[in-house]
Amino acid sequence: MMGFVPLFLVYILFPAIQATQLTKCEVYQAVEDMDGHQGITALEWTCVIFHSSGFNTEATVRNNGSTEYGLFQISNKHWCKSSEVPESENICGTPCDNFLDDDLTDDKKCAQKILAIKGIDYWLAHKPLCSERLEQWRCKKL
């Protein structure tokens with residue numbers, strides 16, 4: 001029985017170990033090219049991403065019959081295609097699973113499309129948590 005417990009814990013923890021957990025600096029550097037797009041700074045994006053996904057590229061959250069994917073927590077209800085919601089509008093024209101990998105190109109492209117259509121308030125964390133006192137999200141270069 002004692003051998004079962006450690007093995008059981010490995011199976012429970014294994015998905016968490018596999019997930020790509022980015023650092024604040026990695027995220028900030030990844031979104032630097034989005035700085036100023038529609039008035040949103042890289043600092044704001046870094047803050048929004050932290051409060052949306054905790055910098056975890058494989059984050060998924062179920063929310064009222066839909067699922068949100070990746071760093072930007074992009075919903076399969078409107079923005080991407082999944083088997084869970086086959087009637088999705090798929091506005092970004094991509095499978096939702098593409099938002100769970102380490103290539104952030106399609107994530108950022110879709111986030112910019114969401115920003116253009118819905119505005120920054122699509123990300124609920126922005127207004128209360130990411131609209132002021134943003135220096136803590138700056139990455140200090142060594």
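Sequential numbering from 1 along the given sequence is applied to the chain's residues. This structure is a prediction, so every number in the text was calculated from the model and none was measured.
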Problem set entry | SG(C25) to SG(C139) below 2.5 Å |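 Between C139 and C25 there is a disulfide, given that their SG atoms are under 2.5 Å apart.
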Problem set entry | SG-SG distance C92 to C80 under 2.5 Å |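 No, the SG atoms are not under 2.5 Å apart.
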Heavy-atom pair of closest approach, residues [X] and [Y]:
{"X": "A42", "Y": "E32", "value": "CB-CA, 4.1 Å"}
{"X": "K113", "Y": "I91", "value": "NZ-O, 3.5 Å"}
{"X": "H126", "Y": "E44", "value": "NE2-OE2, 2.7 Å"}
{"X": "H51", "Y": "C130", "value": "CD2-SG, 3.8 Å"}

From [X] atom [atom1] to [Y] atom [atom2], the distance as rounded to the nearest 0.5 Å:
{"X": "F99", "Y": "D106", "atom1": "CZ", "atom2": "CG", "result": "5.5 Å"}
{"X": "I40", "Y": "C47", "atom1": "CD1", "atom2": "SG", "result": "11.5 Å"}
{"X": "Q29", "Y": "L104", "atom1": "CD", "atom2": "CG", "result": "12.0 Å"}
{"X": "E89", "Y": "K81", "atom1": "CD", "atom2": "NZ", "result": "10.5 Å"}

Problem set entry | pair L22-L71: side-chain heavy atoms closer than 4.5 Å |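 Yes, close enough: below the 4.5 Å cut-off.
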Exercise. Does a side-chain heavy-atom distance below 4.5 Å link E68 with T60?
Worked result: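 Counting from C-beta outward, E68 and T60 never come under 4.5 Å.
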Exercise. Checking side-chain contact (heavy atoms from CB on, under 4.5 Å) for the pair R138/T46: CA distance, chi angles, key distance, verdict?
Worked result: CA-CA 8 Å; R138 184 174 307 282; T46 305; over 6 Å; no
Problem set entry | For E84, all residues meeting side chain to side chain contact (heavy atoms under 4.5 Å, CB included), sequence neighbours excluded |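 With sequence neighbours excluded, E84 shows a side chain to side chain contact (heavy atoms under 4.5 Å, CB included) to R62, T67, Y69, N76, S82, given in chain and number order.
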Problem set entry | With sequence neighbours excluded, residues passing side chain to side chain contact (heavy atoms under 4.5 Å, CB included) with T105 |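 Once residues adjacent in sequence are excluded, the partners of T105 under the side chain to side chain contact (heavy atoms under 4.5 Å, CB included) criterion are D103.
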Is a side-chain donor or acceptor of [X] paired with a backbone partner of [Y] at a separation under 3.5 angstrom?
{"X": "K77", "Y": "G65", "result": "no"}
{"X": "N63", "Y": "S66", "result": "no"}
{"X": "S88", "Y": "V85", "result": "no"}

Can you give me every donor-acceptor pair (side chain of residues 116-124, partner residue at least two apart or in another chain, under 3.5 Å) with its distance?
unit_1: Y122; atom_1: OH; unit_2: S75; atom_2: N; d: 3.3
unit_1: W123; atom_1: NE1; unit_2: F72; atom_2: O; d: 2.8

Exercise. Taking W137 as the fixed residue, which of Y28, F50, W45 is the one that meets the ring-ring contact (aromatic ring centres under 6.0 Å, His included) rule?
Worked result: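 For W137, the ring-ring contact (aromatic ring centres under 6.0 Å, His included) check succeeds only for F50.
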